[in-house]
Engineer: 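Next up is a structure, given as structure tokens.
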Amino acid sequence: QGSSPPCPGGRGPPAGAKERRRVGWPMGGGRDGFQPCAMDTGAAAPMPLWERNLVVTALVVHVLDVGLDLLVVMLFLAHMQWGFFFGTAGVILWAWLVSSLYISFGGGSPAPGDIDDGGVADRLPQFFLNFVQVQIFAEAYRCVFHNGDTDYFHTLRLMEAILESAPNSLVQLYALIIWAGTGDAPEGAAPLLRLSVFASFVSVGLGLAMWEQKVQFRASCAYVVGVAVLRALEVASRTLTLALFSGLTHPYGIAWILALDYAIMLLIVARHRSVHLVYGFFVALPLVLVSLEPFVWRRQDHAVPKDAYYAARIAEGFFMWMVVLHSQEAIDLQVDSYSVWVCCEALAFITTLGLYCLLPFVWCVARRQELSRDVDDWGDETGKELGDYSDSDHDFHSGGEDHDDEASGLVRHKHADIREDELPPE
């Protein structure tokens, strides 16, 4: 599902498949596949120029996003803003740790006992290289200069986008409203925070759009661009509204609203039952800020279906905007940070309006390209085990078992009709 089918006429994977088997996708296994193969040689086809340029662009966005986050951490440390310092630094360490563990020991690594599995001795160096952000440069170099598969590179980008970029955009917008607009902040604090937040929005939009493209490789360029813009508007609308609400209910409002939303996401995951509830405890964390799964997946394959997700977002947004409008007098009394408040209000309104104007068009195109989360294994036995999480596979396998039982029962019934003194018909 993540890429083109294997090379026709070949019994085994093409050269380089061992490295591509490491690719894992956060919402399920088996997202890896094979690049298109040349019919005569069995070698991987040359990477298109647009995909090569996309890898370079994504790497530049990654470097800017991570670099600006580190500069913001140093800014908070230099001016002893301990709450924002521990918040931003904690998000960065959390994102790097979870991403490295997932790639090295989780869904992104080979299964234990697999021919590609080198054991802990092979996984530990991979863990440390990924943690210090070296692995993504190595993958980009392999993709651009050695015609490598891009799945692993975009997996690393996706993990950084949903685990670091989205949470840090909220923390930094919160700091921009509460601290950077006051007289206590240095002159360059506000521009640095704005630039870092903008880079986070671009990172999230690009990361989720590339997941969409890798899942549905027949998607048009216009659709992928539309998804990237939609995702950037989505995370911008969400974080800007949360930052405004949190600034007006400082210091405990942000904790209460995030805890409430996390509980709502868990409730939807438990009721929908597309993934195990234990897995839902983890996946509900990034869902607090942005919807993860590709639009082209069927409703039953989502951990939180898009209709339920956006319905919850509309209800929460309406509540938070009522609080913001009710507290407008408090905003008008701000002296130093009044312009920051007004700009955030205007941007929150514009991004929310753009999100819900663009959403129906992306939704309609995605329904025409709808596909199952689990039709991607190309004969891999592990895909059948992962299918147990999906309604589609459950129905398919149960239907197959019923058919087998029916057939065997028919044979038994037919044999029972044959008398013992007769030979069965030829």
Side-chain angles (χ1 to χ4, degrees), residues 26 50-73 75 88 91-92 95-96 99 133 136-137 139-140 143-144 150 153-176 180 190-214 219 221-243 286-292 294-295 343-344 346-359 362:
W50 67 266
E51 191 169 6
R52 197 185 306 269
N53 293 335
L54 189 59
V55 169
V56 175
T57 303
L59 182 64
V60 171
V61 171
H62 180 89
V63 172
L64 286 176
D65 188 31
V66 174
L68 288 171
D69 282 345
L70 294 176
L71 287 178
V72 169
V73 169
L75 173 69
T88 304
V91 166
I92 293 174
W96 293 2
S99 174
Q133 302 295 299
I136 192 167
F137 288 95
E139 288 301 317
C143 294
V144 173
T150 59
F153 171 79
H154 287 302
T155 300
L156 297 174
R157 277 287 305 119
L158 177 66
M159 299 292 283
E160 188 271 340
I162 63 177
L163 295 176
E164 179 181 344
S165 300
N168 262 339
S169 65
L170 175 59
V171 175
Q172 292 166 15
L173 279 171
Y174 192 22
L176 181 64
L192 176 60
L193 289 171
R194 292 192 187 101
L195 187 59
S196 179
V197 168
F198 178 77
S200 296
F201 293 162
V202 175
S203 175
V204 173
L206 185 60
L208 289 172
M210 289 320 302
W211 188 12
E212 194 100 16
Q213 191 274 335
K214 299 303 288 187
C221 180
Y223 174 73
V224 175
V225 172
V227 171
V229 174
L230 177 72
R231 294 301 202 168
L233 290 174
E234 179 183 345
V235 70
S237 169
R238 176 67 174 162
T239 53
L240 282 164
T241 307
L242 279 171
L287 281 169
V288 168
L289 296 178
V290 64
S291 177
L292 300 180
F295 282 92
C343 287
C344 287
L347 288 174
F349 177 78
I350 293 171
T351 53
T352 303
L353 183 63
L355 166 65
Y356 290 107
C357 287
L358 185 59
L359 181 59
V362 173

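Below, all heavy atoms of this structure are taken into account, side chains as well, without hydrogens, waters or symmetry copies.
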Engineer: Just verifying a value: how many Å separate Glu164 CD and Ser169 OG, rounded to the nearest 0.5 Å?
Structural biologist: 10.5 Å
Engineer: Test His154 against Trp211 for side chain to side chain contact (heavy atoms under 4.5 Å, CB included), laying out the working first.
Structural biologist: CA-CA 7 Å; His154 287 302; Trp211 188 12; over 6 Å; no
Engineer: For Phe295, enumerate each residue passing the ring pair (Phe, Tyr, Trp, His ring centres under 6.0 Å) test, keeping only those at least two apart in sequence or located in another chain.
Structural biologist: none
Engineer: Nearest heavy-atom pair of Asp69 and Ser196: which atoms, and what distance?
Structural biologist: OD1-OG, 3.2 Å
Engineer: Say whether Thr88 and Gln172, considering side chains only, have a donor N or O and an acceptor N or O under 3.5 Å apart.
Structural biologist: no
Engineer: With a 4.5 Å cut-off on side-chain heavy atoms, are Leu208 and Ile162 touching?
Structural biologist: yes
Engineer: Where is the tightest heavy-atom contact between Tyr174 and Ala243, given as atom of each residue plus distance?
Structural biologist: N-CB, 4.1 Å
Engineer: One pair to check against side chain to side chain contact (heavy atoms under 4.5 Å, CB included): Thr351 and Arg238. What are the steps and the verdict?
Structural biologist: CA-CA 9 Å; Thr351 53; Arg238 176 67 174 162; over 6 Å; no
Engineer: Atom CE of Met159 and atom CG of Leu156: how far apart are they, to the nearest 0.5 Å?
Structural biologist: 8.5 Å
Engineer: Using the side chain to side chain contact (heavy atoms under 4.5 Å, CB included) rule, take Leu289 and Leu170 through it: C-alpha gap first, then chi angles, then the decisive distance, then the call.
Structural biologist: CA-CA 9 Å; Leu289 296 178; Leu170 175 59; 4.0 Å; yes
Engineer: For Lys214 and Thr155, which I'm curious about, is there any donor-acceptor pair between the side chains at under 3.5 Å?
Structural biologist: no
Engineer: Go through the steps to decide whether Leu75 and Leu71 satisfy the test side chain to side chain contact (heavy atoms under 4.5 Å, CB included), and finish with yes or no.
Structural biologist: CA-CA 6 Å; Leu75 173 69; Leu71 287 178; over 6 Å; no
Engineer: Closer than 3.5 angstrom, by distance alone: can the side chain of Thr352 be matched with the main-chain N or O of Ala348 as a donor-acceptor pair?
Structural biologist: yes
Engineer: Distance check, rounded to the nearest 0.5 Å: Ser203 atom OG versus Leu64 atom CG?
Structural biologist: 10.0 Å
Engineer: Donor-acceptor check, side chain of Thr241 to backbone of Ser237, threshold 3.5 angstrom: yes or no?
Structural biologist: yes
Engineer: We want to know whether Ser291 and Glu234 form a side-chain donor-acceptor pair, criterion being a heavy-atom distance below 3.5 angstrom.
Structural biologist: no
Engineer: If you round to the nearest 0.5 Å, how far is SG of Cys143 from CZ of Arg52?
Structural biologist: 9.5 Å
Engineer: With rounding to the nearest 0.5 Å, note down the distance linking CG in Leu173 to CZ in Phe201.
Structural biologist: 5.0 Å
Engineer: Keeping the roles fixed (side chain from Arg157, backbone from Ile136), state whether a donor-acceptor pair exists under 3.5 Å.
Structural biologist: no
Engineer: I need the minimum non-hydrogen distance between Ala180 and Leu193, along with the two atoms involved.
Structural biologist: CB-CD1, 3.7 Å
Engineer: Please tell me whether Asn168 and Ser200 have a donor and an acceptor in their side chains that are separated by less than 3.5 angstrom.
Structural biologist: no
Engineer: Mind checking whether Glu160 and Ser99 have side chains closer than 4.5 Å, heavy atoms only?
Structural biologist: no
Engineer: Count the heavy atoms belonging to other residues, nucleotides or ligands that lie under 6.0 Å from CZ of Phe198, then report whether that count exceeds 12.
Structural biologist: no
Engineer: In Å and rounded to the nearest 0.5 Å, what is the CG to CD1 distance from Leu163 to Ile92?
Structural biologist: 12.5 Å
Engineer: Could you report the tightest heavy-atom contact between Ala161 and Val204, atom names first, then the distance?
Structural biologist: O-CG2, 3.5 Å
Engineer: Less than 4.5 Å apart, side chain to side chain, heavy atoms only: is that true for Trp96 and Val66?
Structural biologist: yes
Engineer: Measure across Leu292 and Arg231 and return the closest heavy-atom pair with its distance rounded to 0.1 Å.
Structural biologist: O-NH2, 3.6 Å
Engineer: If you look at every heavy atom in Pro167 and Val91, which pair is closest and at what distance?
Structural biologist: CB-CG1, 3.8 Å
